[in-house]
Amino acid sequence: MIHDFTYLKPGSVKEALAMLADHADECKVICGGQSLLIVMRQGLVAVDYLIDLKGLNELSYIKYDDKEGLKLGATTTHRIIEKSNVVKKNYPVLTAMEEKLASIQVRNWGTIGGNLAHADAAGDPAPVLISLGAKVKLGSKKGDRVMSLEEFYTDLFETAMEHDEIVLEVQVPPAPPKTGSAYQKFNLIENDQGIVAVAATVTADKGGVCTDAKIVLGNAGVTPIRAKSAEKVLIGKKLTDKLFAEAGEAAAGDADPVSDIHSSADFRRHLIKVLTKRMVKKAWDQATKG
Ligand SMILES: Cc1cc2nc3c(=O)[nH]c(=O)nc-3n(C[C@H](O)[C@H](O)[C@H](O)COP(=O)(O)OP(=O)(O)OC[C@H]3O[C@@H](n4cnc5c(N)ncnc54)[C@H](O)[C@@H]3O)c2cc1C
């Protein structure tokens with residue numbers, strides 16, 4: 001049963017931030033409601049005020065330019081991102097991730113800002129976006145600030161957002177030349193959340209040496225985890241099958257998985273080893289083709 005609350009419908013972001021400042025300790029924002037309503041129904045979250053961001057079209061946009069990269073407004077739905085030609089052309093890994101995120105119905109309502117702010121360790125967008133070097137723009141009545149998405153996550157369902165802040169925008173830098181990205185989750189039910197997931201983005205130089213690697217593990221700990229030992233295996237080298245396998249071993253060591261009804265921690269580590277090897281190879285093949 002959902003605790004009684006007062007529903008507030010701001011007409012602009014400015015109004016939403018003013019409402020949030022007035023009720024910061026006793027309210028939450030809602031957007032698509034695809035995560036929040038579940039936890040409210042379960043009685044895990046009870047608030048006095050709910051501020052609805054859903055109709056704020058000024059935060060529903062996809063912008064791209066070659067210098068600045070991609071900007072996704074927080075209220076942009078998964079479905080709009082999935083169907084965007086500009087996303088598909090410049091960040092095909094994001095399109096592929098969105099196609100496997102939940103059902104079309106959920107993607108039609110759920111938003112990128114809501115997904116990232118919910119901070120579910122099994123969320124799909126965060127590992128991919130972190131591997132692409134994304135940042136989040138946060139806003140409050142006091143002003144805006146930008147932080148890396150990696151730093152945004154502090155614990156399970158916890159972020160660095162203050163009570164009076166919301167996510168305004170996700171910013172993804174342009175990919176350097178000769179960069180490839182890949183993402184895969186392992187799930188038992190098609191388009192469900194992953195038991196674990198791995199995102200990899202790698203960059204090659206003209207001589208075929210790996211100059212940068214970002215490997216991010218999803219649902220392998222309480223927050224998305226950068227597999228830094230695995231990245232070290234790759235950077236500065238010409239990549240081979242042996243190195244892909246070594247990166248997989250290292251990533252399994254970087255993970256901090258739990259055992260639960262879906263999987264033991266050991267099986268999660270095994271999956272991370274296999275998926276990392278495959279995702280790094282897939283990303284490297286893209287980076288070095290042609
Ligand atoms: C059946 C089902 C299957 C799903 N499968 C997947 C899956 O495979 N992969 C996956 O990643 N996700 C999955 N999800 C989760 C879903 O994608 C997210 O719930 C959705 O994207 C959240 O966005 P929302 O707008 O609905 O957020 P809401 O539910 O409205 O809000 C979620 C949280 O974010 C906060 N919030 C919302 N917008 C903002 C904002 N702009 N700034 C600050 N805080 C904000 C709210 O206060 C709340 O705490 C699934 C959900 C369902 C119901």
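Counting convention: from 1, in listed order, for ligands and their atoms alike.
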A.B. asks: Listed by chain and number, what are the ring-ring contact (aromatic ring centres under 6.0 Å, His included) partners of Tyr49, not counting sequence neighbours?
C.D. replies: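 If we apply the ring-ring contact (aromatic ring centres under 6.0 Å, His included) test to Tyr49, skipping adjacent residues, the hits are His23.
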A.B. asks: Check whether any side-chain heavy atom of Lys89 sits under 4.5 Å from a side-chain heavy atom of Tyr64, and report yes or no.
C.D. replies: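 The answer is no; the side chains never approach within 4.5 Å.
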A.B. asks: List by chain and number: which residues place a heavy atom under 4.0 Å from ligand 1?
C.D. replies: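 Near ligand 1, by chain and number: Lys28, Val29, Ile30, Cys31, Gly32, Gly33, Gln34, Ser35, Leu36, Ile38, Leu53, Ala74, His78, Leu101, Ala102, Val106, Gly110, Thr111, Gly114, Asn115, Ala117, His118, Gly123, Asp124, Pro125, Met161, Ile166, Val167, Lys185, Asn191, Asp192, Gln193.
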A.B. asks: Answer yes or no: is there a side-chain heavy-atom contact under 4.5 Å between Leu129 and Leu94?
C.D. replies: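 In contact.
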A.B. asks: Does His262 have any ring-ring contact (aromatic ring centres under 6.0 Å, His included) partners at least two apart in sequence or in another chain, and if so, which?
C.D. replies: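 Checked His262 against ring-ring contact (aromatic ring centres under 6.0 Å, His included); zero matches.
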A.B. asks: Within a reach of under 6.0 Å around NZ of Lys54, are more than 12 heavy atoms found that belong to other residues, nucleotides or ligands?
C.D. replies: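 Yes - once you tally the heavy atoms of other residues, nucleotides and ligands closer than 6.0 Å, there are more than 12.
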A.B. asks: Going by the salt bridge (Lys or Arg N to Asp or Glu O under 4.0 Å) test, which pairs reach into residues 9-23, not counting sequence neighbours?
C.D. replies: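 Salt bridge (Lys or Arg N to Asp or Glu O under 4.0 Å) check on residues 9-23 returns Lys9-Asp52.
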